[in-house]
Every structure is written in C-alpha cells, then in structure tokens.
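Working notes for the structure below.
Everything quoted here is computed from the prediction, not taken from an experiment.
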Amino acid sequence: MASRALTPMQLIGTVFVALLATCHAGGIAVYWGQNDGEASLAETCASGNYEFVIIAFLPKFGKGQTPRVDLASHCDPASGGCTGQSKDIRACQRRGVKVLLSIGGGDGSYGLASPGDARQVAMYLWNNFLGGSSSSRPLGDAVLDGIDFDIELGGAKFWDDLARDLKSLGRSGGRRVVLSAAPQCPFPDEWDGGAISTGLFDAVWVQFYNNPECQFSAGRGAFMDAWRKWESVPAGRLFLGLPASKDAAGTGFVPAGELNSRVLPLIRGSPKYGGVMLWSKYYDDQTGYSSAIKSHV
C-alpha cells in the first residue's frame with residue numbers, strides 16, 4: 001500500500017512534537033573512581049547511559065601542597081599506574097561522552113590561599129589533565145574535557161579566580177574547557193557559590209541529597225523552591241543530583257519509578273534543565289538506576 005503524504009498541518013505538528021522532545025531531552029552524569037568493584041571507565045561509557053563521566057577525585061591541591069589523584073583501587077597514581085586510563089578516556093570521548101576531573105570532594109586536603117595560588121592550580125590542571133603538557137600527567141596523555149568543582153571544605157575564597165584562569169587557559173590554548181560544579185541544594189552554596197556566579201559554568205549538578213531541607217522528601221514545595229533558586233544562577237545547564245541507591249547517601253534517595261512519575265515532570269520544562277547526576281557508578285552498577293530512568297530523563 002502506498003503511503004500518504006502528510007498535510008501541511010500534520011507536518012507542522014510532527015515537527016513541533018519532535019522539537020518539544022528535543023527541548024526536554026536530558027542526559028545523565030555519573031561520578032566514577034571512588035569504589036572497589038565498579039565497572040572500568042571504558043565499560044562505563046560503553047553502556048551508552050551517560051553524557052558525562054566525572055573522574056573522582058583530585059582531593060589534595062593548593063596552599064603549597066603537592067597535588068594528588070585518588071582513584072581508590074582502580075590504579076595507583078604514585079607509581080604511574082593510572083596512565084593507562086588514557087586509553088579508556090579516549091574510548092569514552094570517541095563515543096561522545098565528556099570526561100571531567102573532579103577536584104575536591106567531601107574528604108581531602110585542599111583549598112586556595114590567594115589569586116596567585118588559584119593561578120598555580122589552574123596551570124597544574126591545564127598541564128597535567130587538559131591541553132597543556134607535562135612529563136608527569138597522572139592519567140596519561142589523554143586530554144580531559146574539563147574540570148568539575150566539588151568543593152565541600154577548605155574555604156570559600158578564590159574558586160572564582162580558578163574558574164576564570166581555567167577558561168582563560170582554554171581560550172589561549174585553543175581548546176574549550178568544560179566547567180561543572182556540584183553544590184549542595186541549600187541556596188546559595190557555601191563553597192561553590194562564588195565560582196558559579198562568574199557565569200563560566202557549563203553545567204551545575206546540584207546535590208539534592210544529604211540535605212533534608214531541600215531534597216524531594218522535604219515535600220514538593222521545598223524541593224521546587226530550591227530548584228527555582230538554582231534556576232537563577234548564570235550557568236548553562238542544571239542537573240538534579242541524586243544517589244543511585246539507598247546506600248549511596250544518608251538521605252535523599254528517590255526510587256526510580258517515583259523519580260520518573262513524580263519528580264522529573266516537575267523540572268523537565270525548565271529552560272536550564274540538563275538531566276540527572278548520579279553518585280556514583282558503583283551504586284548504579286548495583287541497582288541499574290540509570291537504565292531505569294534514562295528514557296524519562
């Protein structure tokens with residue numbers, strides 16, 4: 001049977017529906033590197049579930065300290081054992097997955113003492129993980145897509161300087177540096193707030209967990225009040241940060257079915273909606289959370 005041509009009105013309707021779906025389409029970001037037994041970086045990206053993979057962490061830097069990468073049992077950077085990750089990083093990037101390095105974390109020794117200190121840290125990050133060069137690149141010669149600010153201690157000053165310096169190095173080096181941040185949901189964030197206010201951040205994945213006053217369990221009103229405040233920041237895309245299992249955080253876990261039916265419909269219409277961030281790949285391996293939400297994100 002021959003197919004019938006669409007009328008002009010049907011064609012317009014089809015295009016509108018497609019555009020609407022595209023506008024609300026989000027991605028999933030996941031943290032990787034802090035747990036024994038989680039999938040490799042290459043396997044993580046091969047799943048097809050993630051738009052961003054965030055390598056965690058660089059928990060020691062600044063204030064005159066020698067920077068240190070910590071990837072749990074995945075590899076030992078002190079002995080050069082993490083340089084092999086370059087192969088996996090490039091495999092991820094070939095699949096279109098952005099790979100970032102997260103600096104900071106909830107446990108570490110880091111901070112910035114001055115704008116000059118921020119500049120030194122920016123140069124270290126550029127030369128050792130981004131588009132610069134160094135004889136001691138901890139993750140090998142692969143060039144990461146950017147830097148994630150998961151600042152939870154060490155003082156609130158000079159992170160804005162670090163963001164400006166990283167973007168400046170990218171411009172002068174002819175390579176875009178993606179910046180992301182992982183603030184807590186109480187607004188404004190005590191640590192990342194100043195950096196985010198620069199307007200230089202491409203993605204902000206807000207931690208709506210371990211914060212009972214603004215996570216979804218606090219009620220729709222409290223949750224949406226916090227989300228709307230975060231919509232006001234001058235950042236590119238806004239992600240809902242969640243634990244991938246009950247064991248991944250003290251509070252804030254939302255079952256996948258509830259997220260799909262009750263939470264995402266509230267925020268998908270946001271002009272800045274970017275998707276969902278998960279902590280972490282290890283817990284996602286246990287629960288299959290990303291697979292359960294991907295078609296709804």
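- No side-chain N or O of Q85 forms a donor-acceptor pair with one of H74 less than 3.5 Å apart.
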Intermediate values then yes/no, side chain to side chain contact (heavy atoms under 4.5 Å, CB included), L130 and R175: CA-CA 9 Å; L130 301 171; R175 182 178 288 273; 5.7 Å; no
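- There is a side-chain donor-acceptor pair under 3.5 Å between Q215 and T251.
- Judged by distance alone, with hydrogens and angles left aside, the side-chain atoms of E258 form no donor-acceptor pair with the main-chain N or O of V263 at under 3.5 Å.
- Among all heavy-atom pairs drawn from N260 and R268, the shortest one is O-NH1, 4.5 Å.
- D148 contributes atom CG, which lies 8.0 Å from atom CE of M277 (distance to the nearest 0.5 angstrom).
- Residues D189 and V206 have side chains not in contact (no heavy-atom distance under 4.5 Å, counting atoms from C-beta outward).
- With no hydrogens or angles considered, no side-chain donor-acceptor pair links N127 and S134 at under 3.5 Å.
- In this structure, Q120 contributes its side chain and G116 its backbone to no donor-acceptor pair below 3.5 Å.
- Here F187 and W230 bring their ring centres to under 6.0 angstrom of each other.
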Evaluation steps, salt bridge (charged side-chain N to carboxylate O under 4.0 Å, His left out), between R176 and D202: CA-CA 11 Å; R176 181 189 179 212; D202 302 281; 2.8 Å; yes
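- Between A163 and T198, the shortest heavy-atom contact is CB-OG1, 4.5 Å.
- Summarising the geometry, atom OG belonging to S102 is positioned 7.0 Å from atom CD1 belonging to I54; distances are rounded to the nearest 0.5 Å.
- Interatomic distance, OG of S133 versus CH2 of W126, reported as 10.0 Å (0.5 Å rounding).
- Side chains of S109 and Q65: a donor on one and an acceptor on the other come within 3.5 Å.
- In terms of modelled atom types and a separation under 3.5 Å, the side chain of N210 and the main chain of G250 share a donor-acceptor contact.
- Between I196 and P183 the shortest heavy-atom distance is CD1-CG, 3.9 Å.
- Ring centroids of F239 and Y273 are separated by 6.0 Å or more, keeping the two rings apart.
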Trace of the side chain to side chain contact (heavy atoms under 4.5 Å, CB included) decision for L240 with W227: CA-CA 9 Å; L240 173 65; W227 178 267; 4.2 Å; yes
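- Between the side chains of D165 and S168, no donor-acceptor pair is found at a separation under 3.5 Å.
- Ring-centre distance between Y289 and F253: below the 6.0 Å cut-off.
- Listed here is the closest heavy atom pair of A244 and S280: CB-O, 4.0 Å.
- Of the possible donor and acceptor atoms, one in the side chain of N128 sits under 3.5 Å from a partner among the backbone N and O of Y124.
- In this structure, a donor-acceptor pair under 3.5 Å is absent between the side chains of W191 and D150.
- Aromatic ring orientation, F223 versus F216: perpendicular (interplanar angle above 60°, classes split at 30° and 60°).
- For T44 against S47, the heavy-atom pair with the smallest separation is O-OG, 2.7 Å.
- The residues E51 and K294 are annotated as not salt-bridged, no charged nitrogen and carboxylate oxygen being separated by less than 4.0 angstrom.
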D145/Q93 under side chain to side chain contact (heavy atoms under 4.5 Å, CB included): CA gap, chis, key distance, verdict: CA-CA 9 Å; D145 295 288; Q93 292 168 331; 3.1 Å; yes
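- D284 pairs in a side-chain hydrogen bond (donor to acceptor under 3.5 Å, both in side chains) with only one of the listed residues (Y31, Y50, W32), which is Y50.
- Without hydrogens or angle criteria, E38 side chain to G33 main chain gives a donor-acceptor distance under 3.5 Å.
- Between D141 and R90 there is a salt bridge, since a side-chain N of the basic residue sits under 4.0 Å from a carboxylate O of the acidic one.
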Side chain to side chain contact (heavy atoms under 4.5 Å, CB included) assessment of N35 paired with Y283: CA-CA 9 Å; N35 291 92; Y283 295 103; 4.1 Å; yes
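- At distances below 3.5 Å, at least one donor-acceptor pair connects side-chain atoms of R137 with backbone N or O atoms of A142.
- At a threshold of 4.5 Å between non-hydrogen side-chain atoms, the residues I55 and L139 count as touching.
- The minimum heavy-atom distance between L125 and L58, with the atom names listed, is CD2-CD2, 3.8 Å.
- Cluster membership check: Y209 does not share its hydrophobic cluster with I151, using side-chain heavy-atom separations under 4.5 Å among Ile, Leu, Val, Met, Phe, Trp and Tyr.
- The hydrophobic clustering, which links ILVMFWY residues whose side-chain heavy atoms are closer than 4.5 Å, places F149 and F129 together.
- Using a 4.5 Å cut-off between side-chain heavy atoms of Ile, Leu, Val, Met, Phe, Trp and Tyr, with links allowed through other members, M224 and W205 fall into different hydrophobic clusters.
- Side-chain heavy atoms closer than 4.5 Å link hydrophobic residues (I, L, V, M, F, W, Y) into clusters, and following such links, even through other members, never connects V143 to V97.
- No single ILVMFWY cluster, assembled from side-chain heavy atoms under 4.5 Å apart, contains both V53 and V178.
- Between the CG atom in D70 and the SG atom in C82 there is a gap of 9.0 Å [rounded to 0.5 Å].
- In this structure, the side chain of Y110 engages the main chain of G105 through a donor-acceptor pair within 3.5 Å.
- Side-chain polar atoms of E231 and S270 form a donor-acceptor pair below 3.5 angstrom.
- A donor-acceptor pair under 3.5 Å links the side-chain atoms of K167 to the main chain of V177, judged by distance alone.
- Using a 4.5 Å heavy-atom cutoff, the side chains of P138 and T83 are not in contact.
- Going from atom CG of L71 over to atom CD of Q34 covers 7.0 Å, rounded to the nearest 0.5 Å.
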Step-by-step side-chain hydrogen bond (donor to acceptor under 3.5 Å, both in side chains) determination, D117 to S114: CA-CA 5 Å; D117 192 18; S114 66; 5.4 Å; no
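- Between the side chains of N211 and Q184, a donor-acceptor pair is found at a separation under 3.5 Å.
- Between L278 atom CG and S290 atom OG the span is 6.5 Å, to the nearest 0.5 Å.
- Exactly one of D161, D160, V121 qualifies for a side chain to side chain contact (heavy atoms under 4.5 Å, CB included) with L112. That residue is V121.
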